[in-house]
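Only a predicted model underlies this, so the values are computations on that prediction, with no experimental measurement involved. Keep in mind that the numbers below use all heavy atoms, side chains included, and drop hydrogens, waters and symmetry copies. Quick note on labels: first sequence line is chain A, next is B, and so on, each numbered from 1.
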There are 2 protein chains.
Amino acid sequence: MNESAPAAFAYKPLYVQVKDQLVRRMIDGEWQPGQLIPSEMELARQVGVSQGTIRKALDAMTTENLLIRRQGRGTFVASPEESRILFQFFRIVPDSGETTFPDSRVLTSARSVAEGTEAEALGIREGDDLWRFERVRAIRDEPVLVETIRLPADRFPGFGDLPQIPNNVYGLYSQRWGITIARASERLKAVGATAGDAARLRCARGDPLLEITRIAYDLENKPVELRVSRCLTRTTHYTSELR
Amino acid sequence: MNESAPAAFAYKPLYVQVKDQLVRRMIDGEWQPGQLIPSEMELARQVGVSQGTIRKALDAMTTENLLIRRQGRGTFVASPEESRILFQFFRIVPDSGETTFPDSRVLTSARSVAEGTEAEALGIREGDDLWRFERVRAIRDEPVLVETIRLPADRFPGFGDLPQIPNNVYGLYSQRWGITIARASERLKAVGATAGDAARLRCARGDPLLEITRIAYDLENKPVELRVSRCLTRTTHYTSELR
DNA sequence: GAGTGGTCTAGACCACGCG
DNA sequence: GCGTGGTCTAGACCACTCC
């Protein structure tokens, strides 16, 4: 392939180099979410490696949920519109087991300035501009959680001018700014409801809430969203699979 | 390979059949935790397939944390003694980020009878015998969580005769009864501390706790342990990676 | 140097989706 | 029937570990 030979001190297998090159096409917007990408044989010709090596790169991207492969149809760029992706990043489910996705109602939205912990989490400097908005999410009209989302202003130009914010914000990030959320890291704690939480969630002050602090990363592994959710878990729970 | 041809209505790729066959060797105790298994070439000869097919089966088992492969040395059965396995099933970490593993102190241990929800979780019948024990776990002498563990008595004969219960119970399950915990499923809720929790965790009654309900499964995907942990998260948190 | 797992290649055939 | 991804094979060479 048309790439410099791997240096002895930093050996990278060919298929990893190929994978990085293909991810780059997604970052650059050449391959957009939902799009059908060329077949394995075609990519092998383009990149100049064997079909088996292309396959290894595509398989790695598939296990990272960047691609979706369909036998007989082709390989597609994963899209945040699809329901399977929604649930990839939403782990609060009703105890009953049904798979309902919550509605959202935005409470406040404003431009502000990053404080120390916010800046650290988002990899920006203290004092840099942020978009910050707060919303309540409900399942079957029962409020389940209240969350505050913070976005670095320079990555989301014009965010404040939006007439409204959709339920699925990862779809919005993708469509409006070409930002794909590739992975996220969460920290969970149990906390007591504040007076504000209590009013919004129709519970008592001090009631136990599940607090989820999430940092979401883009394709280049840079943090792009900080989200703190405080959830009522009377009739719902957070699921986690350990393997 | 010496296996009947796949039926048309239930096609299973050859490498999956091989994988099932190799997992069977672990279930039957032919391959024990920590043991070096035969090389790819040797297995290919034994099973009667190509080395590439053996490799696919071994890779699948490696991603499920059943095997550990070391270039130049060989392939080993994963062992619950190794630190990496311990943290695979322990997601409570200090906020500071250090990786300390908690001590345990057993409070109560008794034989009892399965109630409805316990029986359902463990896939046994209501009224079947259970071992049930409760312990407090501490990091640096600070109590962090109190947990109750329930085991189906027929899978763990002689459990009640043990002089003491070690910190790492998954190592015990493996050594004493040949039971390997392959995966676990957790449900998290925020709850208020009971009077009993408060006394054991040195907190106030009603303080918010993170309640983790875990069902752990063996190599045959049968539930073998039900565990409910109630955790103080003042200086610790539960981590979760979303991909 | 011998043996192991890891990568890369090339080619054949199978299962699937669609026209 | 054609093109796609999925499986299976066979063989070469590379990187790593240990003697």
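Scanning residues 57-66 of chain A for heavy-atom distances under 4.0 Å to DNA chain D yields an empty list.
For the side-chain hydrogen bond (donor to acceptor under 3.5 Å, both in side chains) test, no residue two or more places apart in sequence or in another chain qualifies with A:Asn168. Considering only residues two or more places apart in sequence or on other chains, B:Ser240 meets the side-chain hydrogen bond (donor to acceptor under 3.5 Å, both in side chains) condition with A:Tyr238. Partners of B:Arg70 by salt bridge (Lys or Arg N to Asp or Glu O under 4.0 Å), not counting sequence neighbours: none found. For B:Glu64, the salt bridge (Lys or Arg N to Asp or Glu O under 4.0 Å) test picks out B:Lys19, with sequence neighbours left out. Applying the side-chain hydrogen bond (donor to acceptor under 3.5 Å, both in side chains) criterion to B:Thr75, with sequence neighbours excluded, gives B:Arg69. For B:Phe133, the ring-ring contact (aromatic ring centres under 6.0 Å, His included) test picks out B:Phe159, with sequence neighbours left out. A:Arg227 meets the side-chain hydrogen bond (donor to acceptor under 3.5 Å, both in side chains) test with A:Glu147, A:Glu225; sequence neighbours excluded.
Residue B:Arg69 has a polar side-chain atom (N or O) positioned under 4.0 Å from OP1 or OP2 of C:dG6. An OP1 or OP2 oxygen of D:dT4 is reached within less than 4.0 angstrom by a side-chain nitrogen or oxygen of A:Ser39. Residue A:Thr75 places none of its side-chain N or O atoms closer than 4.0 Å to OP1 or OP2 of D:dT4. Phosphate contact (OP1/OP2 of C:dT7, side-chain N/O of A:Lys56, threshold under 4.0 Å): present.
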Validation: residues 26-34 of chain B side-chain donor-acceptor distances under 3.5 Å, sequence neighbours left out:
from    : atom 1 : to      : atom 2 : distance (Å)
B:Gln32 : NE2    : B:Gly29 : O      : 2.9

Enumerate donor-acceptor pairs with a distance under 3.5 Å from any side-chain N or O in residues 85-102 of chain B to protein atoms, sequence neighbours excluded.
from    : atom 1 : to       : atom 2 : distance (Å)
B:Gln88 : NE2    : A:Arg243 : O      : 2.4
B:Arg91 : NE     : B:Thr239 : O      : 3.2
B:Asp95 : OD1    : A:Lys189 : NZ     : 3.3
B:Asp95 : OD1    : B:His237 : ND1    : 2.6
B:Asp95 : OD2    : A:Lys189 : NZ     : 2.8
B:Ser96 : OG     : B:Glu98  : OE2    : 2.9
B:Glu98 : OE1    : B:Arg140 : NH2    : 2.3

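Screening B:Tyr170, B:Phe156, B:Trp131 for a ring-ring contact (aromatic ring centres under 6.0 Å, His included) with B:Trp177, the sole residue that qualifies is B:Phe156.
Between the OH atom of A:Tyr15 and the C1' atom of C:dT9 there is a distance of 16 Å, given to the nearest Å. When the C1' atom of D:dG5 is taken as reference, atom CD of A:Glu40 falls 6 Å away, rounded to whole Å. Nucleotide D:dG6 holds its C1' atom 17 Å from the CD1 atom of A:Ile68, rounded to whole Å. Here the C1' atom of nucleotide C:dA2 and the CD atom of B:Glu42 are 16 Å apart, to the nearest Å. Atom CD1 in A:Ile54 sits roughly 16 Å away from atom P in C:dT7 (whole-Å rounding). Atom-to-atom, CG of B:Leu67 to P of C:dT4 comes out at 16 Å; the value is rounded to the nearest Å. Rounded to whole Å, atom C1' of D:dG5 lies 12 Å from atom CG of A:Leu36. One interatomic measurement links the two molecules: NZ of A:Lys12 to P of C:dG6, which rounds to 19 Å at whole-angstrom precision.
Among C:dG5, C:dT9, D:dC8, the nucleotide with an atom closest to any side-chain atom of A:Thr53 is C:dT9.
A:Arg25 contributes atom CZ, which lies 6.0 Å from atom CG of A:Leu22 (distance to the nearest 0.5 angstrom).
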Inset, instruction - Report, as a single string ordered 5' to 3', how protein heavy atoms within less than 4.0 Å touch nucleotides 10-19 of chain D: B base, S sugar-phosphate only, - not at all. - result: S----BBBS-

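Within the 4.5 Å cutoff, the side chain of A:Ile37 has heavy atoms near those of the A:Leu58 side chain.
One end of the helix from C:dG1-D:dC18 to C:dC18-D:dG1 points its axis 10° away from the other end's axis, with each axis taken from 5 pairs and the angle rounded to 10°.
Base engagement by A:Arg55 is indicated by at least one non-hydrogen atom pair under 4.0 Å involving a base atom.
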